[in-house]
> 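Okay, here's the structure, questions in a sec.
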Amino acid sequence: MYCYFNPKLKKFEFEIDDYKYIENEKYIFLFDGELLGELCSSDILDWAEVFNLHHMFSGPFLLLAYKKDIYELRIYQHFLGNGENLYFSKLGDAVAISSRLRLLKNKTKMKFKLNIPMLQHFFYNGFLPGTHTLVQGVRKLSPEDIIVINADGIHFRKYDYLDTLSKNSPGCLKYKYKNALEKSIKTILATQKEEIALALSGGYDSNCILYAIKKANPEQRVNAFSVGGVNGVDETGIACEIASYYKNIKYKSSKVTPETLEHIDEIVEILEGSVYERGIFLQYELAKLLSENQVKSFVCGECADQVFHKKTYVNIPENTFLYSYSDTPRQMAAYVVLKKNRMMMNAYGVNTLYPFITPEMIDIGYWTREINGSTKEYHKGVCNQMFPDEIKRLISKQGGTTDLSALFDSDVDILENIKSCKYYSENFRITEKYPRDEALRDYYLSLLYIESFEKQFCDE
């Protein structure tokens with residue numbers, strides 16, 4: 001999607017491509033996401049209510065709403081982002097907006113320059129928070145923000161979805177949880193043809209989805225996929241055992257290997273520099289596996305860890321520098337988890353479905369946040385009540401990420417390679433997110449990632 005908006009000249013032009021489009025006499029809506037109702041019924045909508053349309057979408061979304069008579073554009077997205085990016089840049093009195101970084105560059109003829117002052121943030125976190133991007137002069141929509149563009153300029157407001165959650169009534173949580181899960185699965189079953197493709201690991205989340213599918217229709221044909229590593233964490237064996245427990249399941253898997261690293265330029269091109277995290281290599285191999293098996297729609301357990309984490313439902317300080325799954329789960333969901341999954345799958349023509357990011361599930365996550373704590377105890381408890389004993393025995397842990405050691409031959413000297421990288425700094429402090437060897441590999445790959453981004457996207 002590309003949009004050119006000059007409010008002073010009253011000029012609003014757009015090309016939708018990967019977005020959907022609805023127009024009536026008052027509004028133009030451009031959006032990415034699956035609608036639950038009739039957005040066009042908003043011809044009777046008060047303009048102030050545009051920011052309350054999140055209930056109209058079944059999961060991740062991004063919405064641009066344009067009011068014709070006042071020449072104003074309003075933009076916002078899902079509480080956890082929408083798994084894609086929306087870039088924008090000022091062009092005098094006009095604003096250029098695009099869902100693709102390269103498309104923005106081609107349309108505006110801008111000269112892209114690497115945003116070197118922000119690289120430290122990227123090396124420590126794997127992404128740039130807020131509206132920052134790796135390109136100077138290009139910004140992006142943050143999940144914390146609402147953007148209003150009119151003749152007075154670009155205005156930012158905070159998107160306080162938490163206030164909406166706190167006004168909902170919790171009711172019977174156990175009933176609501178199972179009802180929300182069944183509703184998500186029925187929606188998925190209704191939209192798929194004969195077979196369903198889903199991610200399967202040895203953790204609770206993907207197994208919760210598989211169990212719900214089989215409970216709704218024991219004869220449902222399922223294609224289950226997983227990816228492991230030739231070294232380190234590998235859940236493909238457990239996933240295969242779980243798949244064999246159910247009828248009508250075909251199971252396929254692949255591995256992250258040193259050959260995967262040879263495709264780093266393609267990975268960076270797909271992700272447009274928006275996120276580096278060690279899980280991007282697993283996502284790349286998974287996307288390739290799905291493409292090889294002609295999968296067009298894929299059910300994912302992404303963001304259950306964040307939806308059922310108590311800190312997802314608190315606001316963090318604006319000056320936060322270090323982000324983590326334990327302390328800033330909402331931001332990790334928006335900037336990392338959904339980005340690496342959805343962008344990678346979309347690049348291979350795979351539409352992603354997220355049963356744990358429906359409005360109903362987020363409501364439950366909010367109301368069970370104290371029970372869940374940081375280890376999704378409520379979610380796991382309900383799963384354990386539902387699962388057969390054999391499945392409970394096979395679930396060994398909450399899931400995992402393939403170690404970066406799978407990408408390297410044993411004789412590679414990571415420390416020497418790091419020192420040869422263009423943006424290596426001897427002042428960089430290796431983080432304690434991982435054991436030292438894994439942390440060194442992580443830093444090295446983030447350096448390679450930035451070099452690849454600069455080579456592919458930047459002019460100087």
Side-chain angles (χ1 to χ4, degrees), residues 33-36 54-61 78-83 173-193 195-218 220-226 239 242-243 246 249 283 286 290 295-309 312 329-330 333-334 337-338 340-342 345-346 350-368 372 376 378-387 391 395 398-399:
E34 298 299 323
L35 281 173
L36 290 170
H54 47 263
H55 64 279
M56 298 291 293
F57 295 90
S58 62
F61 72 90
H78 186 274
F79 174 62
L80 299 178
N82 82 320
L173 291 172
K174 185 176 179 181
Y175 169 79
K176 281 197 167 187
Y177 177 101
K178 292 185 176 180
N179 187 57
L181 181 61
E182 289 172 3
K183 181 180 177 182
S184 293
I185 298 307
K186 285 179 181 177
T187 300
I188 290 168
L189 290 172
T191 59
Q192 305 307 296
K193 293 183 179 178
E195 298 181 338
I196 286 180
L198 60 82
L200 186 62
S201 71
Y204 280 93
D205 309 328
S206 61
N207 279 284
C208 178
I209 295 169
L210 177 57
Y211 173 80
I213 288 172
K214 283 300 184 177
K215 181 182 179 185
N217 181 3
Q220 176 67 49
R221 287 190 287 174
V222 174
N223 294 314
F225 299 88
S226 64
I242 291 170
Y246 296 98
I249 290 189
Q283 294 292 334
L286 179 58
L290 297 177
V295 172
K296 298 300 180 185
S297 191
F298 192 57
V299 184
C300 308
E302 259 68 9
C303 291
D305 285 352
Q306 289 75 45
V307 169
F308 298 112
H309 194 301
T312 292
R330 188 194 338 162
V337 178
L338 279 180
K340 68 181 180 180
N341 177 262
R342 188 163 185 236
M345 298 304 155
N346 281 358
V350 180
N351 179 47
T352 44
L353 304 168
Y354 302 104
F356 290 114
I357 318 182
T358 62
E360 295 88 352
M361 274 296 184
I362 291 176
D363 281 349
I364 293 160
Y366 176 82
W367 287 109
T368 60
N372 279 310
K376 55 185 180 185
Y378 181 83
H379 170 55
K380 291 191 294 186
V382 176
C383 288
N384 282 326
Q385 291 175 23
M386 298 188 299
F387 290 165
I391 299 301
I395 292 177
Q398 298 179 42

> How are the rings of F308 and Y177 set relative to one another: parallel (under 30°), tilted (30 to 60°) or perpendicular (over 60°)?
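The arrangement is tilted - the two ring planes meet at 30° to 60°.
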> Closest approach of A216 and L189, non-hydrogen atoms and distance?
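Where A216 meets L189 most closely, the heavy atoms are CB-CD1, 3.7 Å.
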> Going by heavy atoms in the side chains, are Q283 and M345 under 4.5 Å from each other?
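SC-SC contact between Q283 and M345 confirmed.
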> Is the backbone of T368 close enough, under 3.5 Å, to the side chain of N372 for a donor and an acceptor to pair up by distance?
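Flag set: sc N372 to bb T368 pair under 3.5 Å.
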> Taking the side chain as C-beta and beyond, is there a heavy-atom pair between V222 and K214 under 4.5 Å?
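Heavy-atom side-chain distance check passes, below 4.5 Å.
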> Which residues satisfy the side chain to side chain contact (heavy atoms under 4.5 Å, CB included) test with A334, sequence neighbours excluded?
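For A334, the residues satisfying side chain to side chain contact (heavy atoms under 4.5 Å, CB included) (neighbours in sequence not counted) are P143.
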> Any chance you could lay out the side-chain contact (heavy atoms from CB on, under 4.5 Å) test for N384 and Y204, step after step, and finish with the verdict?
CA-CA 9 Å; N384 282 326; Y204 280 93; 3.3 Å; yes
> Looking at I185 and A212, what are the two nearest heavy atoms and their distance?
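I185 and A212 have their closest heavy atoms at CG1-CB, 3.6 Å.
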> Find out whether L338 and N82 are in side-chain contact, i.e. whether some heavy atom of one side chain is under 4.5 Å from a heavy atom of the other.
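SC-SC contact between L338 and N82 ruled out.
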> Is any side-chain heavy atom of R330 less than 4.5 Å from a side-chain heavy atom of L80?
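When only atoms from C-beta onward are counted, L80 and R330 do touch, with a gap below 4.5 Å.
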> Flag the pair Y211 / M386 as yes when at least one side-chain heavy-atom distance between them is below 4.5 Å, and no otherwise.
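Yes; the side chains approach each other to less than 4.5 Å.
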> Where do P60 and G81 come nearest, in terms of heavy atoms and distance?
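Residues P60 and G81, closest heavy atoms: CB-O, 3.9 Å.
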> Within the structure provided, determine whether K176 and D363 are in side-chain contact (heavy-atom separation under 4.5 Å).
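A side-chain contact is absent here, since even the closest heavy-atom pair is not under 4.5 Å.
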> Of the non-hydrogen atoms in V295 and A197, which two are nearest, and what is the gap between them?
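Residues V295 and A197, closest heavy atoms: CG1-CB, 3.7 Å.
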> OG1 of T352 to CZ of R342: how many Å apart, nearest 0.5 Å?
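Between T352 OG1 and R342 CZ, I get 5.5 Å after rounding to 0.5 Å.
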> Evaluate the side-chain contact (heavy atoms from CB on, under 4.5 Å) criterion for residues L181 and M361: first the C-alpha distance (whole Å), next the side-chain angles of each, then the deciding distance (0.1 Å), finally the verdict.
CA-CA 8 Å; L181 181 61; M361 274 296 184; 3.8 Å; yes
> Kindly compute the distance separating CG (N341) from CG (N346), expressed to the nearest 0.5 Å.
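The CG atom of N341 sits 9.0 Å away from the CG atom of N346.
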> Using the rule given for side-chain contact (heavy atoms from CB on, under 4.5 Å), can you reason through V307 versus F79, listing the C-alpha separation, both sets of side-chain angles and the distance that settles it, and then say yes or no?
CA-CA 11 Å; V307 169; F79 174 62; over 6 Å; no
> Taking the side chain as every heavy atom from C-beta outward, state whether S58 and E34 have any pair of such atoms under 4.5 Å apart.
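Side chain of S58 against side chain of E34, heavy atoms only: contact under 4.5 Å found.
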> Between the main-chain N or O of Q306 and the side-chain N or O of T312, is there a donor-acceptor pair closer than 3.5 Å?
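Yes; at least one donor-acceptor contact below 3.5 Å.
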> Can you tell me how far the OG atom of S201 sits from the CD1 atom of I242, to the nearest 0.5 Å?
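Spacing of OG (S201) from CD1 (I242) equals 7.0 Å.
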> Restricting to non-hydrogen atoms, name the atom on S206 and the atom on A199 that form the minimum distance, rounded to 0.1 Å.
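Taking every non-hydrogen atom into account, CB-O, 3.2 Å.
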> Heavy-atom distance under 4.5 Å between the side chains of I213 and I188, does that happen here?
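No - every pair of side-chain heavy atoms lies 4.5 Å or more apart.
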> Any chance you could lay out the side-chain contact (heavy atoms from CB on, under 4.5 Å) test for L200 and F225, step after step, and finish with the verdict?
CA-CA 6 Å; L200 186 62; F225 299 88; over 6 Å; no
> So which atom in K376 and which in A304 form the shortest heavy-atom distance, rounded to 0.1 Å?
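Nearest pair, atom of K376 first, then A304: CD-O, 4.5 Å.
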> Check side-chain hydrogen bond (donor to acceptor under 3.5 Å, both in side chains) between N351 and all other residues, then give those that pass, not counting sequence neighbours.
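For N351, no residue satisfies side-chain hydrogen bond (donor to acceptor under 3.5 Å, both in side chains) once neighbours in sequence are set aside.
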> Looking at residues at least two apart in the chain, or sitting in another chain, which of them share a side-chain hydrogen bond (donor to acceptor under 3.5 Å, both in side chains) with K183?
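So K183 forms a side-chain hydrogen bond (donor to acceptor under 3.5 Å, both in side chains) with E360.
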> So, taking the atom named OH in Y354 and the one named CD1 in I209, what distance separates them when rounded to the nearest 0.5 Å?
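Taking OH in Y354 and CD1 in I209, the distance rounds to 11.0 Å.
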> How far does CD1 of I364 sit from OH of Y378, to the nearest 0.5 angstrom?
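The CD1 atom of I364 sits 7.0 Å away from the OH atom of Y378.
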> Say you draw a straight line from NZ of K186 to CG of N217; how long is it, rounded to the nearest 0.5 Å?
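Reported to 0.5 Å precision, the distance equals 12.0 Å.
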